[in-house]
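Structure, as structure tokens:
FYI, the numbering just counts along the sequence from 1. The figures here come from the full heavy-atom set of this structure, side chains too, leaving out hydrogens, waters and symmetry mates.
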Amino acid sequence: MNATQGLVNNTIRFSAVDGPGNRFVVFTQGCNFNCITCHNPYTITECTDCGVCVGSCPEDALTIEAGPLVLVDRSACTDCDICIDVCPEDSTPLARYLTVAALVDEIRTVRPFISGVTLSGGEATQQPDFVRALFGAIKADDELTGLSTMVDSNGSAPLAVWEDLADVIDGAMIDLKALDPDVHVQLTARGNTEVLRTIEYLADIGKLEEVRLLIVPGYNDDVATSERTAAWLHRVDPDMGVKIIGYRAHGVRDEASHVPDATPEALAAFTDAFRRRRFTRITVV
Ligand code: SF4
Ligand code: SF4
């Protein structure tokens, strides 16, 4: 792989939930977290070409060649997702390498209808050269002038990565899975030291678009956590956007099926904790 192409799970031409305005979204494949609450677990790992999914396709769109290498006949694929359901690796045979040039061409076709481009995932910053190349190409393209470039990220990239991307990113939406490092490990299998540093750094340079809080019952939904989280983010920057997201069990892996949906009371407690600290850009979903 080189900087001019990225491993992409999917693209969406119009989204109103992946940053401000109407956005073209590129979902990258591969994530360094393993969140028990992940609603898109098939974006976590890169396909190993094991071949397990090949026989499952009702359209015979999948074949395996010597290598081994699993190939997709996209003209036959009906997006039924059966291959994703049977994959034992949290992957998909449908992810593919796309060039920056091809993505820029596609973005040009919808330019009049969008306000920006978001790189989401998976975890886009796992492919930092691709992020820089795509956003740099958008910034340099006369036909794409005015489009904002945003990353939707788990925040775990090292500071050096964010510093390198700072001039091509207009903003970032960062997930804070838990302020408590032990709870963060329980939820993601990774610590949160880099995440907290990323939030502070992006706020410092004026590029923290939003912090996203997934409220997960039994893990991070208590009143004390809501107060500590709001207080810490207030110290960082009370002008940041905050999105409070209630966990929903639908679509998650079996290991999280025991976790109930977030309660209205928990969402209200978080909302209240931020309102009392004069945050003005609060969204609850
Ligand atoms: S999503 Fe496409 S490739 Fe996968 S099983 Fe369905 S038809 Fe086959
Ligand atoms: S998508 Fe999953 S099951 Fe199919 S070849 Fe790749 S790793 Fe194997």
Side-chain angles (χ1 to χ4, degrees), residues 15-23 33 35-40 118 120 148 150-156 170-252 255-285:
S15 168
V17 296
D18 292 286
N22 199 15
R23 310 187 69 78
F33 280 12
C35 298
I36 62 170
T37 56
C38 183
H39 282 84
N40 305 308
T118 295
S120 186
S148 64
M150 303 245 166
V151 176
D152 187 343
S153 168
N154 65 24
S156 66
D170 293 315
M173 289 74 73
I174 303 295
D175 294 335
L176 176 56
K177 306 286 187 185
L179 187 65
D180 183 300
D182 293 333
V183 176
H184 197 276
V185 170
Q186 291 169 27
L187 285 169
T188 72
R190 290 280 300 263
N192 66 2
T193 303
E194 290 86 0
V195 180
L196 300 182
R197 190 171 52 203
T198 294
I199 290 170
E200 291 175 321
Y201 171 70
L202 291 170
D204 259 4
I205 64 170
K207 298 201 172 184
L208 183 61
E209 173 68 18
E210 185 175 80
V211 168
R212 294 177 168 177
L213 305 169
L214 180 66
I215 311 306
V216 186
Y219 290 88
N220 62 8
D221 69 333
D222 56 288
V223 171
T225 295
S226 71
E227 293 294 332
R228 278 199 301 273
T229 305
W232 187 80
L233 289 172
H234 184 267
R235 282 198 294 278
V236 175
D237 178 11
D239 292 328
M240 72 175 70
V242 176
K243 184 174 281 185
I244 298 164
I245 305 167
Y247 168 78
R248 300 282 178 270
H250 179 73
V252 300
E255 61 212 85
S257 59
H258 66 284
V259 181
D261 289 355
T263 63
E265 292 76 17
L267 300 186
F270 271 80
T271 306
D272 183 55
F274 282 94
R275 282 209 181 115
R276 278 188 283 103
R277 290 173 174 82
R278 307 284 185 215
F279 284 79
T280 55
R281 294 197 294 133
I282 304 169
T283 311
V284 184
V285 295

Discussion item. Between Thr118 and Gly19 (side chain of the first, backbone of the second, donor and acceptor by atom type, cut-off under 3.5 Å), is there such a pair?
Written reply: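 Side chain of Thr118 to backbone of Gly19, a donor-acceptor pair under 3.5 Å: no, none is there.
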Practice prompt. Please report the closest heavy-atom contact between Phe270 and Asn220, naming both atoms and the distance.
Written response: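 Between these two residues, the closest heavy atoms are CZ-O, 3.2 Å.
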Discussion item. Give me the atom names and distance for the closest heavy-atom approach of Thr37 to Tyr247.
Written reply: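 Closest pair (atom of Thr37, atom of Tyr247, distance): CG2-CE1, 3.6 Å.
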With a 3.5 Å cut-off and sequence neighbours excluded, list the donor-acceptor pairs that the side chains of residues 235-243 form with protein atoms.
residue: Asp237; atom: OD1; partner: Asp239; partner atom: N; Å: 2.9

Donor-acceptor list for residues 185-193 side chains, cut-off 3.5 Å, not counting sequence neighbours:
residue: Thr188; atom: OG1; partner: His184; partner atom: O; Å: 2.8
residue: Thr188; atom: OG1; partner: His184; partner atom: ND1; Å: 3.2
residue: Thr188; atom: OG1; partner: Arg190; partner atom: N; Å: 3.0
residue: Thr188; atom: OG1; partner: Arg190; partner atom: O; Å: 2.9
residue: Asn192; atom: ND2; partner: Ala178; partner atom: O; Å: 2.9
residue: Asn192; atom: ND2; partner: Leu179; partner atom: O; Å: 2.9

Fill in: Stepwise side chain to side chain contact (heavy atoms under 4.5 Å, CB included) check, Thr225 with Asp180
CA-CA 8 Å; Thr225 295; Asp180 183 300; over 6 Å; no
Worksheet item: What residues form a salt bridge (Lys or Arg N to Asp or Glu O under 4.0 Å) with Arg277, not counting sequence neighbours?
Response: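 Result, salt bridge (Lys or Arg N to Asp or Glu O under 4.0 Å) vs Arg277: Glu227.
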Discussion item. I'd like to check the salt bridge (Lys or Arg N to Asp or Glu O under 4.0 Å) partners of Asp221; sequence neighbours left out, ordered by chain and number.
Written reply: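 Result, salt bridge (Lys or Arg N to Asp or Glu O under 4.0 Å) vs Asp221: none returned.
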Worksheet item: Between Leu213 and Thr229, does a side chain to side chain contact (heavy atoms under 4.5 Å, CB included) hold up when you go through it step by step?
Response: CA-CA 9 Å; Leu213 305 169; Thr229 305; 4.0 Å; yes
N/O donor-acceptor pairs under 3.5 Å from side chains in residues 194-205, not counting sequence neighbours:
residue: Thr198; atom: OG1; partner: Gly155; partner atom: O; Å: 2.7
residue: Thr198; atom: OG1; partner: Trp162; partner atom: NE1; Å: 3.1
residue: Thr198; atom: OG1; partner: Glu194; partner atom: O; Å: 2.9

Worksheet item: Taking only residues two or more places apart in sequence or in another chain, which ones pass ring-ring contact (aromatic ring centres under 6.0 Å, His included) with Tyr219?
Response: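 Listed in chain order: nothing, the list is empty.
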Worksheet item: Does some side-chain heavy atom of Ile244 sit less than 4.5 Å from a side-chain heavy atom of Ile215?
Response: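 Touching, per the 4.5 Å side-chain cut-off.
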